[in-house]
Amino acid sequence: MPKEKYYITTPIYYPSGQLHIGHSYSTVAVDAMARYKRMRGFDVFFLTGTDEHGQKIQKTAEKAGKTPKQYLDEMAVGIKKLWELLDIRYDGFIRTTDEHHEKAVQAIYQQLYEQGDIYKGSYEGLYCTPCEAFWTESQAVDGHCPDCGAKLEKTEESSYFFRLSKYQDKLLKLFEDNPEFLLPRSRANEMISNFIKPGLEDVAVTRTSFDWGIRVPFDPEHVAYVWIDALSNYITALGYPDDLTNYNHYWPADVHVIGKEIVRFHSLIWPALLMALRLPLPKQIFGHGWLLFDGDKMSKSKGNVVDPVVLVEKYGVDPIRYFLLRDVPFGADGSFSNRALIERINSDLANDLGNLLSRTVAMIVKTFPEGLPGEFLEAPVDVELDDFADETLRQVEAFMDHLEFNHALESIWALIGHCNKYIDVTMPWILAKDEKDHPRLASVLYTLADNLRRIAVMISPFMTRTPALMREQLGIADGDGEAADSMTSWESARTRDLYRRNPEVRKGKPMFPRIDIEKELASIEALQ
RNA sequence: GGCGGUAUAGCUCAGUUGGCCAGAGCAUUCGGUUCAUACCCGAAGUGUCACAGGUUCAAAUCCUGUUGCCGCCA
């Protein structure tokens, strides 16, 4: 049976500056989902990339004394390095300056123009001369530029428009017929009452005020302006319109994961564009919240941008991935702070998971240096813990269906808590004292080790290094191959009692050393 | 200004269609334990559920108004 496909995307990021923890957040989330689906046997295509045109890129490059292309090539290298650092395993990385993409965008413009979905008009707005940018009435601060503060002038510019208004009724129907098309649900209400119902206006899709962009084929004075160029990446990355092999296989996307600031473009303009092109629509758009810093929006001007590279170097990939996915309810805004991060690391990773592994392995090594014996005496508490793990797995799967990463992790940690409690109840250190209790002790330790094995599988979509570290100590083979797969695949988490007899258990270093929070915060403070 | 969202323990948040003394995790305090990364287990809490009215036998949950914060306004 051929595998079912799963196509998931991140936004394409705008590299006018270094990416921060907020970008990492979207990408880590998509990576976790992609890893999960791969483990569930899907044929996954995970797309990410960069949006490389526009005036801001042009100016940033100029300031750096580089050509846009030079500048962008360097940025793209940096971004790929960041994803490598965070163990992001994407299948495609599109740059909107890729030759294929540029040609595809031109073809799309041409088609839309020919069929009358794009027409010539003029764009009126408030223009800021120093910034060379247009602003709307509402964006302007007292008639002045919100960026530089210069006085704005009313200006008109010739522009081509996309007939968004024509698709108004179809869009309304789309939202009404598919309550899961745009999540969270509140965003859909916003789109309907804020935009669709008052009446959609056509959108300007070309500019003449800058030239770092894709030339519009039917009018060389104009370059493509963001929407069509950026949004179409989701299909051009699959080869559309020339090479349809991947496109036919993967499109439509199963989910576009985006930040809430671009919900409007993805849920209105993008479907309308696809309708105009007579292509299938994505199944779902998920607009997640923002990662705030101490409750404040991150911005360069505030100087509170959190650099993911620094965090990973300091604390490791898995703690950062864990924090992002656990602490922030996907969909709502979350808050990053050094204190919150360290508290999570200490309580969840060091105390709960790390210590559980540590105490289990230590007892096995101490009492059964030759490995767990084949004969042991099972008790109802053991079965009860295994049942709990079964239920945990079911919950994790249900939560993942709705991209509720934080809840999935919460469930797994409830199982970890249950294991710690199980140790208290069974009191293995007492059993160790008397040799005649050793069969019972073997069962207790076996139950713990087997559940740790299952936990290692369940956390695999979220944490990329920890499962291997756990298996190493538990004496479970890792890596590819059937032998390893039987203990590490998602399906193996469904099955209990897989942990072998006489494993080569060895004590390792603590996976997550406890951090002295006050000292750590003080040293961070000192750096600033 | 318009539309929408949100306001619950020190912190981060759950609270389904209104119904037992309002919950979880973390942090705090106390007790237990000692296999373990001074960890784990247990207990104790603390709350005018933003404010003011209203509907109801009954509201954190519905309605109205006010205030704070947030997003969007092509």
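Keep in mind that what you see is a predicted model, and the values were worked out from it rather than measured. Just so you know, these numbers use all the heavy atoms, side chains as well, and skip hydrogens, waters and symmetry mates.
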Open item on the list: Using a heavy-atom cut-off of 4.0 Å across all strands, would you classify A362(A) as base, sugar-phosphate, or nothing?
Closed with: sugar-phosphate
Open item on the list: Without decimals, in angstroms, what is the distance between M427(A) CE and rA36(B) C1'?
Closed with: 16 Å
Task: Euclidean distance, atom CD1 of residue I423(A) to atom P of rC40(B) [Å, nearest integer] - done: 11 Å
Task: Ranges pairing with ranges for RNA chain B, where each run has three or more Watson-Crick or G-U pairs under 3.5 Å - done: B:1-7 with B:67-73, B:10-13 with B:23-26, B:28-32 with B:40-44, B:50-54 with B:62-66
TODO: Report which part of the nucleic acid G508(A) touches: base, sugar-phosphate, or nothing (heavy-atom distance under 4.0 Å, all strands).
DONE: nothing
- [ ] Indicate, with a heavy-atom threshold strictly under 4.0 Å, whether L200(A) touches base, sugar-phosphate, or nothing.
- [x] base
TODO: Classify every nucleotide of nucleotides 3-10 of chain B by which part a protein heavy atom approaches to under 4.0 Å, writing B for the base, S for the sugar-phosphate alone and - for neither, in 5'-to-3' order.
DONE: BS------
- [ ] Establish, for the pair R344(A) and F323(A), whether the NZ or CZ atom is under 6.0 angstrom from the six-membered ring centre and no further than 45 degrees off its axis.
- [x] no
Polar atom pairs between nucleotides 23-29 of chain B and protein, under 3.5 Å, N or O only, would you list them?
none

Task: Rounded C1' spacing from rC13(B) to rC20(B) in Å - done: 24 Å
- [ ] Decide if atom NZ of K170(A) counts as having more than 12 heavy atoms of other residues, nucleotides or ligands within a radius under 6.0 Å.
- [x] no
Open item on the list: At 4.0 Å (heavy atoms only), tell me whether M511(A) reaches a base, stays on the sugar-phosphate, or touches nothing.
Closed with: base
TODO: Looking at every strand, decide which applies to K366(A) at a 4.0 Å heavy-atom threshold: base, sugar-phosphate, or nothing.
DONE: sugar-phosphate
Task: Pair R339(A)-E520(A), salt bridge (charged side-chain N to carboxylate O under 4.0 Å, His left out): steps then yes or no - done: CA-CA 9 Å; R339(A) 178 177 288 275; E520(A) 184 74 12; over 6 Å; no
- [ ] Please state whether the phosphate of rC35(B), meaning OP1 or OP2, lies under 4.0 angstrom from any side-chain nitrogen or oxygen of K433(A).
- [x] no
TODO: Decide if the gap between the ring center of H266(A) and the ring center of Y234(A) is smaller than 6.0 angstrom.
DONE: yes
Open item on the list: Need one value for P513(A): base, sugar-phosphate or nothing, where a base atom within 4.0 Å counts as base even if backbone is also close, heavy atoms only.
Closed with: base
- [ ] Evaluate the side-chain contact (heavy atoms from CB on, under 4.5 Å) criterion for residues H438(A) and F368(A): first the C-alpha distance (whole Å), next the side-chain angles of each, then the deciding distance (0.1 Å), finally the verdict.
- [x] CA-CA 9 Å; H438(A) 280 197; F368(A) 301 110; 4.2 Å; yes
TODO: Check every atom of rU37(B), rC73(B), rC41(B) against the side chain of K421(A) and return the nucleotide holding the closest atom.
DONE: rC41(B)
Task: Worked check of salt bridge (charged side-chain N to carboxylate O under 4.0 Å, His left out) between R453(A) and D450(A) - done: CA-CA 5 Å; R453(A) 174 192 65 79; D450(A) 194 51; 2.8 Å; yes
- [ ] Answer with base, sugar-phosphate or nothing: what part of the nucleic acid does R339(A) contact at a heavy-atom distance below 4.0 Å?
- [x] nothing
Open item on the list: Let me spell it out: for each of N346(A) and I430(A), pick the nucleotide of RNA chain B with the closest heavy atom. Which residue's pick is nearer the 5' end?
Closed with: I430(A)
TODO: Anything under 30° is parallel, anything over 60° is perpendicular, the rest tilted; go ahead and classify W413(A) against Y322(A).
DONE: tilted
